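Below: one structure, written as structure tokens.
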Amino acid sequence: MSIHVPSRVLGRTGLTVSALGLGCMGMSDFYGAADQTASIATLHRALDLGVTLLDTADAYGPFTNETLVGKAIRDRRAGVVLATKFGFERNPDGTPVGVNGRPEYVRRACEASLTRLGVEKIDLYYQHRVDPQVPIEDTVGAMSELVAAGKVGYLGLSEAAPATLRRAVAVHPIAALQTEYSLWSRDPEGGLLATCRELGIGFVAYSPLGRGFLTGRFRSIDDLEPDDWRRQNPRFQGDNFQKNLDVVAQVQTLAREQGCTPAQLALAWLLAQGEDIVPIPGSTSAARVEENAGAAALTLTAEDLASLAALAPQVVGARYMDGGMKLVNG
């Protein structure tokens, strides 16, 4: 079967991207060892399938993920919508400094990302987390100067609250809000999605497969590599892990009925939540990218959608540890 992912438009800005993107974080960081050659092959396969939205950040690696993505797209730049992020400031040796939204840092971070990516322009530039010490008007104002200078095409925010979005769009149009959204992370439905739609902001859903949990790959914490940060995630801990396996079992049952994989079902559910929603599942495997791309061809009935929606209340555990939760919904 031939697979080609269709396109969607993010909000009212006119930015056209693939209906499914590719999150590149795991190719360099957080989920254990990764293979650069395999990662580049995965990126190329994604582009072949019509997955044009590639999502990276300066914090991934740190720094190395942008270099990897830049290397992979060097001969294919015209077919890519390149998204990266700033905001988690790091020292040159990679040690964390903290969240930084100051205008002078915005400009400095952009120049560094352009160099690592090896491009003249970033298509979609996000603030990774809102800096509570800096007015969003100041940060977005500096970002808008990058647009005016031709260094950035469109602006985005990540994990921003409705009130922050309203203040941001008063300064410059925002093409996309990137926030966690999946069958087991339904927080955006509490008003965030409605605000995005009111303001004409597209919604990019990260971790649409519950950090891999919804695929059914994990049966115990020992299935994760020793340096995988998910070992510290509340939803992967102790009794939470076992209870969340019950949710995955139900997804697997529904997927068998549909003749698809659990990952495809979870992505199809998310795609059905609105034409303005673009999931960006991460992968380091070309085969997984092909599997995920197949979700774009699935059609779910109202009954299917309702059955899947009913799973959310059964999920237990916060989506980040306490420190991480303090940085979301800013």
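For clarity, every value in this text was computed on a predicted model and none was experimentally measured.
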(Q) Under a plain distance cut-off of 3.5 Å, with no hydrogens placed, do Gln258 and Asp304 share a side-chain donor-acceptor pair? (A) yes
Q | Side chain proximity check, Leu298 to Gln264, heavy atoms < 4.5 angstrom | A | yes
(Q) For the CZ atom of Arg235 and the CH2 atom of Trp184, what is their distance to the nearest 0.5 Å? (A) 5.5 Å
Q) Would a distance-only check, ignoring hydrogens and angles, find a side-chain to backbone donor-acceptor pair under 3.5 Å from Asp131 to Gly101? A) yes
Q | Stepwise side-chain contact (heavy atoms from CB on, under 4.5 Å) test for Ile40 and Lys71 | A | CA-CA 8 Å; Ile40 289 176; Lys71 180 179 179 181; 3.9 Å; yes
Q: Return yes if some donor-acceptor pair links the side-chain N/O of Asp276 with the main-chain N/O of Gly202 below 3.5 Å, else return no.
A: no
Q. Given side chains that start at C-beta, do those of Val69 and Arg116 come closer than 4.5 Å, heavy atoms only?
A. no
Q. Between the side chain of Ser39 and the main-chain N/O of Asp35, is any donor-acceptor distance below 3.5 Å?
A. yes
Q: Ignoring hydrogens and angles, tell me if any N or O in the side chain of Arg102 forms a donor-acceptor pair with the backbone of Val134 under 3.5 Å.
A: no
Q. Under 3.5 Å, is there a donor-acceptor pair between the side chain of His44 and the main chain of Ala72?
A. yes
**Q.** Plane angle bin for Phe86 and Tyr125 - parallel if under 30°, tilted between 30 and 60°, otherwise perpendicular
**A.** tilted
Q.
Run Glu198 and Arg166 through salt bridge (charged side-chain N to carboxylate O under 4.0 Å, His left out) and show every step you take.
A. CA-CA 10 Å; Glu198 176 193 342; Arg166 293 184 187 282; 2.8 Å; yes
**Q.** Pairwise distance CG(Leu10) to CD1(Ile174) - rounded to 0.5 angstrom
**A.** 12.0 Å
Q) Around atom CD of Glu120, are there more than 12 heavy atoms of other residues, nucleotides or ligands at under 6.0 Å? A) no
Q) Atom CG of Leu214 and atom CD of Gln252: how far apart are they, to the nearest 0.5 Å? A) 10.0 Å
Q: Would you name the heavy atoms of Pro313 and Ala309 that are closest together and state the gap between them?
A: CD-O, 4.1 Å
Q) Got Val80 and Thr52 here, is their nearest side-chain heavy-atom distance under 4.5 Å? A) no
Q: To the nearest 0.5 Å, tell me how far Arg74 CZ sits from Leu117 CG.
A: 9.0 Å
Q. Where do Leu209 and Ser182 land on the side-chain contact (heavy atoms from CB on, under 4.5 Å) test, with the steps shown first?
A. CA-CA 6 Å; Leu209 298 176; Ser182 71; over 6 Å; no
**Q.** Distance-only polar pair, side chains of Thr42 and Arg45, donor-acceptor under 3.5 Å
**A.** no
Q: Please check if Val316 and Phe241 belong to a single hydrophobic cluster, counting links between Ile, Leu, Val, Met, Phe, Trp and Tyr side chain heavy atoms closer than 4.5 Å.
A: no
Q.
On a heavy-atom basis, which atom in Leu157 and which in Ala168 lie closest, and how many Å separate them?
A. CD1-CB, 3.8 Å
Q.
Please check this pair: side chain of Arg256 against backbone of Val251, looking for a donor-acceptor N/O pair closer than 3.5 Å.
A. no
Q | Same apolar cluster: Val9 and Val81, side chain cutoff 4.5 Å | A | no
Q. Leu271, Leu300: one ILVMFWY side-chain cluster at the under-4.5 Å cut-off?
A. yes
Q: Report yes if some heavy atom in the side chain of Lys85 is under 4.5 Å from a heavy atom in the side chain of Glu66; otherwise report no.
A: no
(Q) I'd like to know whether CG of Asp239 has more than 12 heavy-atom contacts from other residues, nucleotides or ligands below 6.0 angstrom. (A) no
Q) Got a salt bridge between Arg77 and Asp123, using NZ or NE/NH1/NH2 to carboxylate O under 4.0 Å? A) yes
(Q) For Ile73 and Leu43: C-alpha separation, side-chain torsions, deciding distance, then whether side-chain contact (heavy atoms from CB on, under 4.5 Å) applies. (A) CA-CA 8 Å; Ile73 68 170; Leu43 285 158; 5.8 Å; no
Q. Which heavy atom in Ala255 sits nearest to a heavy atom in Pro262, and how many Å separate them?
A. CB-N, 3.7 Å
Q) Given side chains that start at C-beta, do those of Asn65 and Met25 come closer than 4.5 Å, heavy atoms only? A) no
Q. Do Gln127 and Ser158 have side-chain atoms, one donor and one acceptor, less than 3.5 Å apart?
A. no
**Q.** Evaluation steps, side-chain contact (heavy atoms from CB on, under 4.5 Å), between Leu270 and Ile277
**A.** CA-CA 7 Å; Leu270 200 45; Ile277 295 173; 4.2 Å; yes
Q.
Let me check something: do Leu165 and Val171 share a hydrophobic cluster, defined by ILVMFWY side-chain heavy atoms less than 4.5 Å apart, either directly or through other members?
A. yes
Q) Is Phe63 linked to Met27 within one hydrophobic cluster, defined over Ile, Leu, Val, Met, Phe, Trp and Tyr using a side-chain heavy-atom separation of less than 4.5 Å? A) no
(Q) Using the rule side-chain contact (heavy atoms from CB on, under 4.5 Å), only one of Asn233, Leu183, Val247, Leu245 pairs with Phe213; which is it? (A) Leu245
Q: Identify the two heavy atoms, one from Gly79 and one from Leu47, that lie closest to each other, and give their separation to 0.1 Å.
A: O-CD2, 4.0 Å
Q: Check whether any side-chain heavy atom of Tyr181 sits under 4.5 Å from a side-chain heavy atom of Leu193, and report yes or no.
A: yes
(Q) Would you compute the distance between atom CG of Leu124 and atom CG of Leu155 and round it to the nearest 0.5 angstrom? (A) 8.0 Å
Q) So, Tyr206 and Glu159: side-chain donor and acceptor under 3.5 Å apart, yes or no? A) yes
Q) Between the main-chain N or O of Phe236 and the side-chain N or O of Asn240, is there a donor-acceptor pair closer than 3.5 Å? A) no
Q: Test side-chain hydrogen bond (donor to acceptor under 3.5 Å, both in side chains) on Gln178 and Asp55 and set out the steps.
A: CA-CA 10 Å; Gln178 184 176 136; Asp55 184 89; 2.9 Å; yes
Q) Taking the six-membered ring for Trp, are Tyr154 and His172 ring centroids under 6.0 Å apart? A) no
Q) Going by heavy atoms in the side chains, are Val97 and Arg90 under 4.5 Å from each other? A) no
Q. Between Asp58 and Ser113, do the side chains contain an N or O donor and an N or O acceptor separated by less than 3.5 Å?
A. no
Q: Report yes if some heavy atom in the side chain of Leu146 is under 4.5 Å from a heavy atom in the side chain of Val106; otherwise report no.
A: yes
**Q.** Between Gln314 and Gln250, a side-chain donor and acceptor under 3.5 Å
**A.** yes
Q. Counting only N and O atoms by type, is there a donor-acceptor contact under 3.5 Å from the side chain of Ser18 to the main-chain atoms of Leu53?
A. yes
(Q) Could you report the tightest heavy-atom contact between Glu89 and Tyr105, atom names first, then the distance? (A) CA-OH, 3.3 Å
Q. Are the side chain of Gln273 and the backbone of Trp269 linked by a donor-acceptor contact shorter than 3.5 Å?
A. yes
**Q.** Minimum-distance pair of heavy atoms, taken over all atoms of Thr13 and Pro173
**A.** CG2-CB, 4.4 Å
Q.
If we count only N and O atoms by modelled type, under 3.5 Å, do the side chains of Ser207 and Glu180 hold a donor and an acceptor together?
A. no
Q | Spatial distance of atom CD1 (Ile136) from atom CZ (Arg167) [nearest 0.5 Å] | A | 7.0 Å
